Asker: 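Structure below; questions to follow.
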Amino acid sequence: MAARPTLLKLPEVLAELGMSRAAFYRMRARGNAPRLVKLPNGQIRCRRADLDAWLESNEIAQAA
């Protein structure tokens, strides 16, 4: 059986990114946020792999 992906609650994502909920939703409205999952009960989650991929895609290359 395959392991289930780790789902982070929005407060956990916000704490890791160091940003407010309002700033996160503004970023999301512009299409610049990690992919989110909406559960049947209406709660929002972010897959750990999606957050990691998003962070990696937003890294700034170091000058040589």
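Keep in mind it's a predicted model, so treat the numbers as computed, not measured.
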Asker: Decide yes or no on side chain to side chain contact (heavy atoms under 4.5 Å, CB included) for R45 and L36, but give the supporting numbers first.
Answerer: CA-CA 6 Å; R45 298 287 188 272; L36 299 176; over 6 Å; no
Asker: Between R48 and E16, is the closest basic N to carboxylate O distance under 4.0 Å?
Answerer: yes
Asker: Just how far is it from atom OG of S20 to atom CE of M27, taken to the nearest 0.5 Å?
Answerer: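 Atom-to-atom, S20:OG and M27:CE are 9.5 Å apart.
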Asker: Considering only heavy atoms from C-beta outward, does the side chain of L51 approach that of V13 to under 4.5 Å?
Answerer: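 Yes, close enough: below the 4.5 Å cut-off.
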Asker: Does some side-chain heavy atom of P34 sit less than 4.5 Å from a side-chain heavy atom of F24?
Answerer: yes
Asker: Give, for atom CG of D50 and atom CG of L8, the distance between the pair rounded to the nearest 0.5 Å.
Answerer: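 Interatomic distance, D50 CG to L8 CG, rounded to 0.5 Å: 10.0 Å.
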Asker: Decide side chain to side chain contact (heavy atoms under 4.5 Å, CB included) for L17 and L55; before the verdict, give the C-alpha distance in whole Å, the side-chain angles of both, and the deciding distance to 0.1 Å.
Answerer: CA-CA 9 Å; L17 297 177; L55 286 169; 3.7 Å; yes
Asker: With rounding to the nearest 0.5 angstrom, report the OG1 to CD distance, T6 to E12.
Answerer: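 Between atom OG1 of T6 and atom CD of E12 there are 10.0 Å.
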Asker: Measuring from C46:SG to K9:NZ, what's the distance to the nearest 0.5 Å?
Answerer: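 So the SG of C46 and the NZ of K9 are separated by 14.5 Å.
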Asker: Under the 3.5 angstrom rule, does the side chain of W54 hit a backbone N or O of N32 as a donor-acceptor pair?
Answerer: yes
Asker: Does I44 belong to the same Ile/Leu/Val/Met/Phe/Trp/Tyr cluster as L14, with side-chain heavy atoms less than 4.5 Å apart forming each link?
Answerer: yes
Asker: Write down the atom of R28, the atom of A33, and the distance for their closest heavy-atom approach.
Answerer: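 Heavy-atom minimum between the residues: CA-CB, 3.6 Å.
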Asker: Distance from R47 atom CZ to R35 atom CZ, nearest 0.5 Å?
Answerer: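 R47 CZ to R35 CZ: 5.5 Å, rounded to 0.5 Å.
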